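Atoms within a ligand are numbered from 1 in the order they appear, just like the ligands themselves. These numbers come from a predicted model, not from an experiment. In what follows, every heavy atom counts, from backbone to side chain, and hydrogens, waters and symmetry copies are set aside.
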Amino acid sequence: MKATGAATAATTVGLTAQGVAADEHTVGAMLNDMSIAEKAGQMIQPVVNSLDPEADSTFQDVSEIGDLISEVAAGSLLSGGSLPPTTDPQELVEKVNALQEYMIDNSPHGIPFFYGVDAVHGACYLDGATVFPNRLNMGATRDPETIERAERHTAAVLEATSCHETFAPTIELQHDPRWGRFFEGISEDPKVLSDISAARTRALESNDRVTSTVKHFAGYEVPHNGNDRAAANVSMRDLRETLLPPFEVAIAEGPGMVMVNSGSVNGIPAHASRWLLTDVLREEYDFDGVVISDWNDLFRMIDRHQYFPDTEDGRRSAVEAAIEAGLDMVMLGGGGLTPPEFIAHVQTLVSNGNLSEKRIDQSVRRILQLKRSLGLFENPYADSSNLASLVGNDESMEVATDLARESMVLLKNDPVTEGGPSALPLSGTENVLVTGPGIDPETGIENRILMQYGGWTLGWQGIEGGSLTDGGPRPTGTTMVAELENALGRGQLTHVPTNFDRSQWWSIPEDSTNENGEYGFTDEQRSAVESAAPDADVAVVVLGEGPHNEGFGDRDTLRLPETQREILQTVVENTSDDTTIVGVEYAGSPRGNDETFQHLDALLFAGEPGSGGGKAVVETLLGENNPSGRLGFTWPKQVGHVPNYHNAWPSSRHEPLYPYGHGLSYTDFEYSDLSVSPSNVGNPRAGRTVTVTVDVTNTGDVAGDHVVEVFNTEFYGSVITRDRRVVGYERVHLDSGERKTVEVEVDMEALEVVPGDVPALGPKAVEAGEYELTVGTNSDLTSTLTVRTTCGVGRVRHLPGRFDADGDGEVTVSDVLEIYRLSKGE
Ligand code: BGC
Ligand code: BGC
C-alpha cells in the first residue's frame, strides 16, 4: 500500500481492475456488471474510526476496515463528529488517498468511495484550521455574500484533504432554544435562513470535487418538547409556509445530497415518509441527487420511534420502508444495523419481490452519477499540493474575523451613571478586570476557547469532547483575553479565570439540571475577584454555556448557571456604582435573563464566533468595531415562553426580552421616506418583485454598518397573518452624518401563504389585498403594497402527493379506485 504520492497517481480507475478505461465505462455498464449485494454495498456509508485497512472496524461482524472495502465494497465512508481519525491535514489526505487506492485494488469493481465529514462551520475537522462562526452567528450577520466566500474556503480545504462530502448546510429554523442544536440554526426567519443556506450550498457546490448535503429534511427543528429527535407535530401550513421553503431554495442550488431528519413528523418517521422523500423532494423540488439517512437512522425507526419491532423482520421492514420512501444511501454508525445486515436485507427484499431491482438500480445510479460528477473515476485521489497554504491561511482568517465582527450583537448598552455616556465602547485606558469561566487552574489550558467555538469543532461535543488536553488539536485563532492583553497597556488587565469543565454529556439525558458545562468558583478565585474589583474601572464578566450538541445539549432552563450568577454578584458587591460592568456572553442559545442582566451596564452577545472571535470581541469592546449584528431569533424572558418566534400567529407570543432583529450600535440610524415601487401590483406572478426604498441616515458620531430589514406586519387575508415576516434586507455602511437611499428587493414569494381551511392542502398563493411593509424592529415606518389578484408565484403550486393514494408517485385511475375503496371500506 502506498502511503504517499497518491496525489500524483492520476490513473484512470473505476473498472480499471477489469481493464476497462474510465472514458469507456458508463454508469449503466457498471450497473450491469454488479450483483445485488454489490449494489447494496454502494448504498452504504459506514463509519470508520481509522483509515488503516488493517485496523479494527467498529462493526462486530466486519472485523477490519479493509473488509468494508474488499467484502462489502462500501460506496462511501464517513467519520462523524467533525473528528476524523487524524486531524493532521497532510496525514489525513495521505491516508484517505491510500485507502482509496486500497479500494480500487481490492474491491470487486474498484469503484472509488467518497468520504464524508462534518465541515459544518469551516474546516472544523482539522488541526490549525480556520473555524468560521457557528451558524447562529452566521444568521446574525445577515450577510450571505461573506458567508459564501467563507464556504468557498471550506470547499477548497475539503477538496485538498480528500474529503468529498460535507454534512452541511444545516437548514433548521431556530424555533425552540431548548433544543440542543439551536446553535446550528441560522435564524427563526425562513427568508434569512433561505438566503444564507442558498449561499452556503452554492459555495460548497462550486467546487467540483465536493458535494454539499442539505440537512436534515425536514421538520427536525420542531421536536414537540424541545428534545433532540423527539416527535414533531407540525401543521401542514407551517410545513409548507416556513419549514420546507428554505430547503426548496437551497435545493434549487443543486446540492449533490440531502440528509433525512432522524425524527418523526406527524406520526411518520421522516425516513419512512414517501411524501417527504419522494413527493416533495423529488417531484416538487426536482432533486436528482443522493438521499442519505442520518446516523443509525434505520435502526432508530426501531429503537426510538418503535415503528417496527426489534426482530429480524422488523429490521428488514425498516430497510424496505426507507428505500420505498426514497432513500438511496444509509449512514451506518452507532451499532444498530451493520453493513452485512443491510446488504442481506436488500438481497432478501429483492428476491422476495418486496423491492424491485429497478428501484435499487435507481439509487445506485444516483450514487455512481454523484461519483462521476465528483471526478472520482477520472482521478480518485486528492491533489494536496496547496494544502499547507490553505489550512488556517490569512485570507480565510480575514473572512472569519469579518464574519465574527458582523455577528457581534450588542444587547444592552446603558450609561453607567445617570446622564453619562453609554458603558461601551471602552476608551482603552481603563483598568480592566476580566473574570468568568476561563482557565482550568490544574493544567493551565485555556478552556474558554471551548465556549468560543461551540459544538462540531474538532469533536462532536466541541474540542476533544469538551475537555482540552495539552497539545491536543486546536483550531486557529486567538481568545478575548489574549487580544485584551495585546490591546491594553502593561498592568491594565487583571484576569481571574474561574473553573470550567465539560458537562459529562453521556449522563445528561438523565440529568435535567444540565447547564452545558460545569462551572466552579473557588475560594481563591473569589478572593482574587474581591481584591481586584475595587480597583477596576471596568469589570468584564464572561457568561454563557459550554460547547454541546444534539440531545446532550438539550436544556430545560435558559437561566444562566448559578455559579456564573454568583461570580457576577461578587463583582457587583465589590465595585462602586461608577464601575462599568460588562457581560460578554458566549453561548449557542439565548441563555440568561434580566435576573442576571439587570446587573450589567452593557451586554455583548458573542455567540460562538469561532477563530476570529477573540479579535472581534475585543475590537467591539474598544469601539474599533461598531457592532452591527442582529439577533436572528427572539430572546425569551424565560423558558416557559418558548417557542416564541416572530412569525407566529398573533396571540401566541409573549413579550420577549429582546425581539428578533435586536442589536445596538455605537451610533444612531434614522429612517425616512419609506416607499415601495410599484405600490400596486396587478398580478404578482407577472410582477414578481417590488423595490422597497428607504433613506437611512447615520446621525451619530461614528461610522457603522446597519442592516435594514423589511417586514410584512399586517394583512387581512383568508388565513391569519403571522406577526411579522422578513421580506428582504440589506447591510449598508454609513459614515457619521452620511445618508443613503437603500433599496431592498422584495420577491413576492415572501408574501405567499397556504390559503384555505385547517388541513391547508390547497395551492400556495399571494392573496389580493393591502400589505403593510415596515422597517425597524419597532415598525418605525410603514408603507402599503396593494396586490389586486390572488395567485401563486412559487413553484410549489399544489400539495404534493395529495391524490397519490397508493404512493407510487403518480396520480392515476388506480388512486381514484383506492380512495373509493378506502372510503367504502371495501
Ligand atoms: C447528526 C448529523 C451528522 C452525523 C455525522 C448525526 O448524529 O445528526 O447532523 O452529520 O451525525 O456526524
Ligand atoms: C452522533 C454523531 C457523531 C458520533 C461521533 C454519534 O453518537 O450521533 O453525530 O458524529 O456520535 O462519535
Side-chain angles (χ1 to χ4, degrees), residues 44-49 58 74 76-85 87 114-126 134-135 154 158 163-172 179-186 197 200-201 204 210-223 227-230 232 247 250 255-264 269-271 290-301 303-305 327 329-337 454-462 465 505-506 508-509 547-554 588:
I44 65 169
Q45 184 184 62
V47 64
V48 287
N49 52 349
T58 45
S76 179
L77 302 171
L78 92 138
S79 293
S82 296
L83 200 64
T87 58
F114 62 86
Y115 180 52
V117 292
D118 290 277
V120 291
H121 58 131
C124 53
Y125 60 102
L126 290 179
N134 244 318
R135 274 71 32 96
T154 311
L158 282 161
C163 297
H164 315 100
E165 178 191 8
T166 172
F167 305 118
T170 39
I171 308 209
E172 267 94 33
W179 184 41
R181 298 189 83 162
F182 189 83
F183 73 101
E184 298 195 66
I186 299 267
S197 303
R200 298 182 71 198
T201 311
L204 293 166
V210 171
T211 176
S212 62
T213 306
V214 164
K215 76 184 187 186
H216 308 79
F217 190 72
Y220 183 33
E221 68 268 58
V222 288
N227 288 350
D228 189 46
R229 295 177 162 100
F247 278 101
M257 300 184 75
V258 167
M259 190 191 292
V260 183
N261 161 21
S262 305
S264 64
H271 283 78
V290 173
V291 179
I292 186 167
S293 80
D294 199 351
W295 181 272
N296 199 22
D297 275 352
L298 298 200
F299 189 69
R300 228 186 286 262
M301 287 202 268
D303 75 338
R304 186 156 191 119
H305 303 307
L327 193 81
M329 181 171 261
V330 289
M331 185 192 285
L332 295 175
L337 200 70
W456 299 115
T457 310
L458 285 161
W460 180 41
Q461 298 287 322
W505 51 263
W506 51 88
I508 289 168
H548 52 268
N549 207 342
E550 298 179 25
F552 304 114
D554 293 344

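- Between Gly80 and ligand 1, no N or O atom pair is found at a separation short of 3.5 Å.
- The N/O atoms of Arg181, backbone and side chain alike, include one that comes under 3.5 Å of an N/O atom in ligand 1.
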| message | Using the rule given for side-chain contact (heavy atoms from CB on, under 4.5 Å), can you reason through Arg181 versus Arg229, listing the C-alpha separation, both sets of side-chain angles and the distance that settles it, and then say yes or no? | response | CA-CA 10 Å; Arg181 298 189 83 162; Arg229 295 177 162 100; 4.0 Å; yes
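- Using a distance-only test at 3.5 Å, with no hydrogens or angles considered, no donor-acceptor pair links the side chain of Glu184 to the main chain of Arg135.
- A donor-acceptor contact shorter than 3.5 Å links the side chain of Ser293 to the backbone of Met331.
- Close approach of ligand 1 to Met259 is summarised as follows: ligand atoms under 4.0 Å from at least one heavy atom of the residue are 10 (O).
- Residue-ligand proximity, Trp295 to ligand 1, at heavy-atom distances under 4.0 Å covers atoms 6 (C), 7 (O), 11 (O).
- In this structure, His121 NE2 and Trp456 CH2 are separated by 9.5 Å, a value rounded to the nearest 0.5 Å.
- For the residue pair Ser197 and Pro169, the shortest heavy atom distance occurs at O-CG, 4.1 Å.
- If you look at Arg229 next to ligand 1, the close heavy atoms, those under 4.0 Å, all belong to the side chain.
- Any N or O atom pair closer than 3.5 Å counts here, and Asp118 shares at least one such pair with ligand 1.
- The contact set between ligand 1 and Phe167, taken as ligand atoms under 4.0 Å from a residue heavy atom, comprises 10 (O).
- Close contacts of ligand 1 with Glu550, meaning ligand atoms under 4.0 Å from a residue heavy atom, involve 1 (C), 6 (C), 7 (O), 8 (O).
- Interface atoms of ligand 1 facing Trp456, defined by a heavy-atom separation under 4.0 Å, are 3 (C), 12 (O).
- Below 3.5 Å of separation, one finds no N or O of Ser262 facing any N or O of ligand 1.
- Each of the atoms 2 (C), 8 (O), 9 (O) of ligand 1 lies under 4.0 Å from some heavy atom of His216.
- Between the side chain of Thr457 and the main chain of Gly462, no donor-acceptor pair closer than 3.5 Å is present.
- The only option from Asp118, Asp297, Asp294 that meets the salt bridge (Lys or Arg N to Asp or Glu O under 4.0 Å) definition with Lys215 turns out to be Asp118.
- Remark: the backbone N or O of Leu458 is not paired with any side-chain donor or acceptor of Ser82 at under 3.5 angstrom.
- Side-chain atoms of Asn549 come within 3.5 Å of backbone N or O of Trp460 as a donor-acceptor pair.
- Residue Asp294 has at least one nitrogen or oxygen atom sitting less than 3.5 Å from a nitrogen or oxygen atom of ligand 1, judged on distance alone.
- In summary, the atoms of ligand 1 found under 4.0 Å from a heavy atom of Gly81, numbered by their order in the structure, are 12 (O).
- Any N or O atom pair closer than 3.5 Å counts here, and Lys215 shares at least one such pair with ligand 1.
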